[in-house]
Every structure is written in C-alpha cells, then in structure tokens.
Amino acid sequence: MNIILIGAPGSGKGTQASLLAKEYSIEHISTGDLLRNEVQLGTEVGVLAKVVMDSGGLVGDDIILRMIKDKVLSDSCKGGFILDGFPRSLSQAEGLDKILIGVNRKINKVFNFVVEDEVIIKRIAGRYFCKKCGTVYNRYFNPSCRDGEYCKCGSLEFDSRSDDNEQTVKNRLLLFKEYSDPLVEYYKKKLLLVSVDALKNPSLIFEDIKLIITNLN
Ligand code: AMP
C-alpha cells in the first residue's frame with residue numbers, strides 16, 4: 001500500500017503519517033526529515049538545502065526526486081510507504097509517477113489535509129520540542145507541563161526548528177497555495193483524492209483514514 005498525505009505545513013500530516021506507518025508497518029517518508037538529516041550531517045545537499053529551508057522556499061526538484069527515488073526503491077519500502085511533504089508540486093507528482101511506473105507500482109490513495117491559515121500559523125509558530133525525548137508541544141494548543149517549564153520526561157531543555165518562525169511560515173504558506181491547487185486537481189482527476197478535515201481531533205482523523213484504507217482492500 002502506497003499513500004500520499006498532502007496539505008499545508010502544520011496541517012497534521014506528520015502526526016498521521018507516523019501513526020499510519022506504525023499501524024500498517026510501512027515506511028514513513030518525510031522529505032523534510034530527509035533534508036534535515038542531510039543538514040545535520042553537513043552533506044553538500046544539506047548545505048544547499050539549509051539556505052532554502054531557512055527562507056521557507058522549496059528545495060529543487062532534482063535533489064528531492066533523487067532522494068525520493070533512492071528511498072522508494074530501497075528494501076525498506078518494499079511493503080509500502082507513506083509520503084509526507086512530497087509531492088509538493090505538479091512537477092514532483094509527475095516525477096514520482098515516472099519512478100513508480102518504472103517499477104510497476106502505483107499510489108493507492110491521496111489524503112488532502114484541509115485547514116485555515118490562522119490555525120496553521122499558530123500551529124507552526126507555536127511548535128517546540130523537548131531536546132531530550134523529542135516530544136513536540138505547542139505554545140498555544142498543547143504546552144509542556146506547567147506552561148513550558150518542563151517536559152513530561154523531566155527535561156527542562158526545549159528547542160524549535162529554525163524554520164518554524166512566523167515569517168518563514170508565511171512564505172511556506174504562500175508557496176503551498178501557489179503549488180497545491182494543480183496538485184490537488186492532478187490527484188482528483190486520477191480519482192485518488194480524499195479530503196481530510198484537519199481541524200478534527202487527531203485520533204478521529206486517524207480512525208477516518210483507517211476506514212478508507214480498509215475499504216481499499
Ligand atoms: P517540512 O518538514 O515538510 O515542513 O519541510 C521543511 C522544509 O523542507 C520546507 O519548507 C522546504 O524548504 C523543504 N522541503 C521539504 N519537502 C520538500 C519538497 N517535497 N520539495 C521541496 N522542498 C521541500
């Protein structure tokens with residue numbers, strides 16, 4: 001089973017992708033995570049990507065499609081995969097189709113996470129995480145214990161992504177709007193698209209998605 005989750009940054013795709021990957025024992029591929037890993041390792045790709053990511057722009061298709069191809073064709077994806085944060089544009093969707101056709105595989109469903117801008121900005125600009133255990137919190141919706149004093153693991157040290165600030169979020173949202181309509185249309189025409197109300201409680205969203213996946217078989 002191969003699934004795509006599309007939606008604005010902060011729409012909750014990442015949370016659902018992790019839950020679904022665990023539920024169905026399939027690989028969770030987040031291009032954002034793959035790029036952050038390159039940045040951390042200080043690779044050539046990482047150095048190039050960091051500048052773009054910090055400005056809220058989109059990393060070039062050549063880099064992204066190469067990373068996706070390596071990952072999708074690797075053994076870890078033999079049982080299926082969930083794409084989170086990719087494709088972000090029509091050209092990436094077409095590039096993905098070429099990769100999949102080459103190995104006689106296809107996308108089974110595309111879930112489109114729909115949510116308003118104001119919520120997105122608060123979700124992203126308020127996001128921070130525990131440096132020790134990685135638990136993600138939100139200053140507005142889900143603060144750590146005693147209003148950000150300490151994490152449930154006891155740690156007092158928190159951090160946030162360098163691109164999770166209000167200005168970068170606005171750029172990321174603008175780009176998302178520019179590229180998402182053709183992408184949504186592309187998958188609608190292929191009869192693969194399902195809309196998800198991303199304002200709903202994450203556990204309810206998870207149940208809705210599972211029901212649709214069950215009916216795929
Ligand atoms: P994310 O973790 O999905 O919010 O991605 C963080 C940043 O990584 C984005 O703002 C982009 O700069 C870059 N990025 C992630 N996925 C892609 C993609 N599919 N195409 C281009 N850039 C990407």
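Each ligand, and each atom within it, is numbered from 1 in the order the structure gives. Everything numeric here is computed off the predicted structure, so don't read it as measured data.
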**Q** At less than 4.0 angstrom from any non-hydrogen atom of Gly57, what atoms of ligand 1 do you find?
**A** 10 (O), 11 (C), 12 (O)

**Q** Nearest non-hydrogen contact with atom 5 (O) of ligand 1 belongs to which option: Met67, Gln92, Arg88, Arg172?
**A** Arg88

**Q** Pairs of nitrogen or oxygen atoms closer than 3.5 Å, one from Asp33 and one from ligand 1: do any exist?
**A** no

**Q** Can Gly56 be said to touch ligand 1, with heavy atoms closer than 4.0 Å?
**A** no

**Q** Can you see which heavy atom on Cys151 is nearest to which on Tyr137, and at what distance?
**A** SG-OH, 3.1 Å

**Q** At a 4.0 Å threshold, what atoms of ligand 1 neighbour a non-hydrogen atom of Arg36?
**A** 2 (O), 6 (C)

**Q** Can you confirm whether Lys132 is buried at NZ, in the sense that more than 12 heavy atoms of other residues, nucleotides or ligands lie under 6.0 Å from that atom?
**A** no

**Q** Below a 4.0 angstrom heavy-atom separation, can you tell me which part of Val59, side chain or backbone, both or neither, approaches ligand 1?
**A** both

**Q** Anything under 3.5 Å between a donor and an acceptor, one on a side chain of residues 3-21, the other on a protein residue two or more places apart or in another chain? List them.
**A**
unit_1 : atom_1 : unit_2 : atom_2 : d
Ser11  : OG     : Ala8   : O      : 2.7
Lys13  : NZ     : Gly7   : O      : 3.1
Lys13  : NZ     : Ala8   : O      : 3.3
Gln16  : OE1    : Phe206 : N      : 3.4
Gln16  : NE2    : Pro202 : O      : 3.0
Ser18  : OG     : Gly14  : O      : 3.2

**Q** Would you check whether Asp163 has a nitrogen or oxygen atom less than 3.5 angstrom from a nitrogen or oxygen atom of ligand 1?
**A** no

**Q** Would one find more than 12 heavy atoms of other residues, nucleotides or ligands at under 6.0 Å from atom CD of Glu94?
**A** yes

**Q** Applying a heavy-atom cut-off of 4.0 Å, say which part of Leu58 lies close to ligand 1: side chain, backbone, both or neither.
**A** both

**Q** Using a side-chain heavy atom cutoff under 4.5 Å and only I, L, V, M, F, W and Y, what cluster partners does Val115 have?
**A** Val119, Ile120, Ile121, Ile124, Val169, Leu173, Leu199

**Q** Have a look at ligand 1 and work out which part of Lys13, if any, has a heavy atom under 4.0 Å from it: side chain, backbone, both or neither.
**A** neither

**Q** Just let me know how Met53 lines up against ligand 1, side chain, backbone, both or neither, with a heavy-atom cut-off below 4.0 Å.
**A** both

**Q** Do Thr168 and Asp163 have side-chain N/O donor and acceptor atoms under 3.5 Å apart?
**A** no

**Q** Measuring from atom 16 (N) of ligand 1, which candidate in Leu35, Thr31, Asp61 has the nearest non-hydrogen atom?
**A** Thr31

**Q** Under 3.5 Å between some N or O of ligand 1 and some N or O of Arg161?
**A** yes

**Q** Other residues, nucleotides and ligands only: do more than 12 of their heavy atoms fall within 6.0 Å of NZ on Lys122?
**A** no

**Q** Kindly indicate, with the supporting measurements, whether the criterion salt bridge (charged side-chain N to carboxylate O under 4.0 Å, His left out) is fulfilled by Arg172 and Asp164.
**A** CA-CA 10 Å; Arg172 284 155 74 192; Asp164 275 355; 3.3 Å; yes

**Q** Do Phe86 and ligand 1 have an N or O pair less than 3.5 Å apart?
**A** no

**Q** Indicate if Ile99 and Ile29 have the same hydrophobic cluster label, given that clusters are the connected sets of ILVMFWY residues with side-chain heavy-atom separations under 4.5 angstrom.
**A** yes

**Q** Identify, by atom number and element, the atoms of ligand 1 in contact range of Gly85, meaning under 4.0 Å from any of its heavy atoms.
**A** 16 (N), 17 (C), 18 (C), 19 (N)

